[in-house]
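Shown next, in structure tokens, is the structure this report addresses.
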Amino acid sequence: MMNNIYKEKILILDFGSQYTQLIARRVREAQVYCEIHPFHISLQKIREFAPKGIILSGGPASIYDKDAPLADKGIFDLDLPLLGICYGMQYITHILDGHVAKAVDREYGSATIRIQKKQGLFHGFDFTKEEIVWMSHGDRIDQMPGGFISLARSRNSPVAAMGDYNRQIFGVQFHPEVAHTPNGTKVFKNFLFHICGCQPSWTMASFARQTIQDLKQKIGDDHVICGLSGGVDSSVTAVLLHEAVGERLSCIFVDNGLLRRGESQEVAELFQGRYSMDFHLVDASERFLGNLKGVTDPEEKRKIIGRTFISVFEEKAKELGKARYLAQGTLYPDVIESVSLKGPSATIKSHHNVGGLPDVMKLDLVEPLRELFKDEVRQVGIELGLPKELVMRQPFPGPGLAVRILGEITPERLEILQSADAILLEEIRQADLYEKVWQSFAILLPVRTVGVMGDERTYENVIAIRVVDSLDAMTADWTRVPYEILARISNRIINHVRGVNRVVYDISSKPPSTIEWE
Ligand code: XMP
């Protein structure tokens, strides 16, 4: 009998904290499956989900706000362990008739707490030492509900953590999910293993095994089509499906002519060569470039690329015929974002997926990665034996180099950018930075500047270099690439790429800038 990795689950109720996804990551890293749902999920749904414990996230609201987010009080009658973090703890206090003191000042940043009670949440912690934790709260607990005792104190609050051992309800004022709380993982592990009684069974090897099994069942004798982009998500999706249904999977790779140098050959070699998949490379570069001729507006470019992609893909899929399913590499963060639209934080990020395809094509979707975070997908890729270069590949936008050629896209300008980008990537890899940074790429600007080469005055293109550090692309900072490496990149580009006489380095963070220039 297969070990069911979805059997032991933790529910995370989202009250709108910017850190909610981090809570889920910490739980998953402890090898326990969890899902994030908005705070207003019904009791009925919670019962169906059947978690072994519930974590209540933080959030920007005060419990005294008119529209303060409130979960169904019935969660206290489910006889399940609860852990409230920051606002989650204040919510617990408020509902169970303790008292939350309204903030005079916000406490924000690093603080120290002293553990007073080692059972349960702080199992294995050292009493005698101060613990460093990250605080970010306004209101605080000034009277615990009946049955609770204080488990830790800080200089600013006598109740930095509290617990009711009978009912197995706990609260922490600090944020154990952020890296600035060095022993935060230990707090989660204690909650999961000692309090909820979970086992660490969520591993990517077991995920891969179970998913292949599930896909076999779901797809039966039908056929599946998968669009490959060369990125890690669609590649892992394809390999999982290939393991499940073999030659009843057909992969379509559309070369839109906007890829990096050598990319389509690499993808073909891997999937057609090594995996012997039913792989179809459609070289549509002329069609894309034809449709983009004369277009300079970035939104217009995106629309044209999206539309052209759908037509090309649809035509090829029709030609292959007989498929019932369309596979997509949708990841968990895309799924959560659409759920929390209903919640208070409503962080909306719409771009990126090739939306529209399933509707047009009347195919049922299979999305085997929709429960996974990016780092988990990479881990699955490694389990499945995908090459490390592919698994660790930096993100690359769907519209490809089109968002990095400002102004008109012509074959000549593409050639300039591809050459410059290839040099940049080679140097970044050489300097062992490729996997350390979030993205590193070149941009071709729509201006020309004056230069001098030999005795000649030149008037040529400018290449901008963008290298950024980020955790999730929502925020990013420019990487402090050592000067010597920047110097080599600049020298090589100017000396070898015809049509470029200047290289500049982008030193803007996101926000207020974005990662891509468009
Ligand atoms: P921005 O430029 O918004 O980019 O800071 C954030 C991240 O998203 C990537 N990006 C895209 N990815 N299709 C994609 O698949 C797109 O249209 C697209 N636009 C931006 C970008 O490379 C960065 O990692």
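Both counts, for ligands and for their atoms, begin at 1 and track the order of listing. Just so it is clear, the model here is predicted, and its values are computed rather than measured.
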Is the closest N or O pair between Pro395 and ligand 1 shorter than 3.5 Å? no
Tell me, which pairs form a ring pair (Phe, Tyr, Trp, His ring centres under 6.0 Å) where one or both residues lie in residues 466-493, sequence neighbours left out? none
Measure the distances from the heavy atoms of Arg302 to every atom of ligand 1 and state whether one is below 4.0 angstrom. yes
Below 4.0 Å from any atom of ligand 1, is there a heavy atom belonging to Trp517? no
So is Glu516 polar-close to ligand 1, meaning N/O to N/O under 3.5 Å? yes
Only heavy atoms of Trp438, strictly under 4.0 Å: list the atoms of ligand 1 that pass. 24 (O)
Atoms in ligand 1 flagged as close to Pro399, the criterion being non-hydrogen separation under 4.0 Å: 13 (N), 16 (C), 17 (O)
Testing Gln394, Lys388, Arg429 one by one against Glu435 for a side chain to side chain donor-acceptor pair (under 3.5 Å), which residue passes? Lys388
Atom indices of ligand 1 within 4.0 angstrom of Thr514 heavy atoms, with elements: 1 (P), 2 (O), 5 (O)
In ligand 1, which numbered atoms sit nearer than 4.0 Å to a non-hydrogen atom of Ala473? 6 (C), 7 (C)
Any residue meeting salt bridge (charged side-chain N to carboxylate O under 4.0 Å, His left out) with Arg106, in chain and number order, not counting sequence neighbours: none
Should the pair Lys293-Glu408 be classified as a salt bridge under the 4.0 Å nitrogen-to-oxygen rule? no
Quick one about Trp517 and Asp506 (side-chain donor to acceptor, distance below 3.5 Å, no hydrogens or angles considered), yes or no? yes
Given Glu518, Lys510, Arg466, identify the one with the heavy atom nearest to atom 1 (P) of ligand 1. Lys510
Would you please say whether a donor-acceptor pair under 3.5 Å links the side chains of Glu371 and Tyr6? yes
Do any nitrogen or oxygen atoms of Gly398 come within less than 3.5 Å of a nitrogen or oxygen of ligand 1? yes
Identified side-chain contact (heavy atoms from CB on, under 4.5 Å) partner of Ser440 from the options Val467, Ile465, Asp421, Leu433: Val467
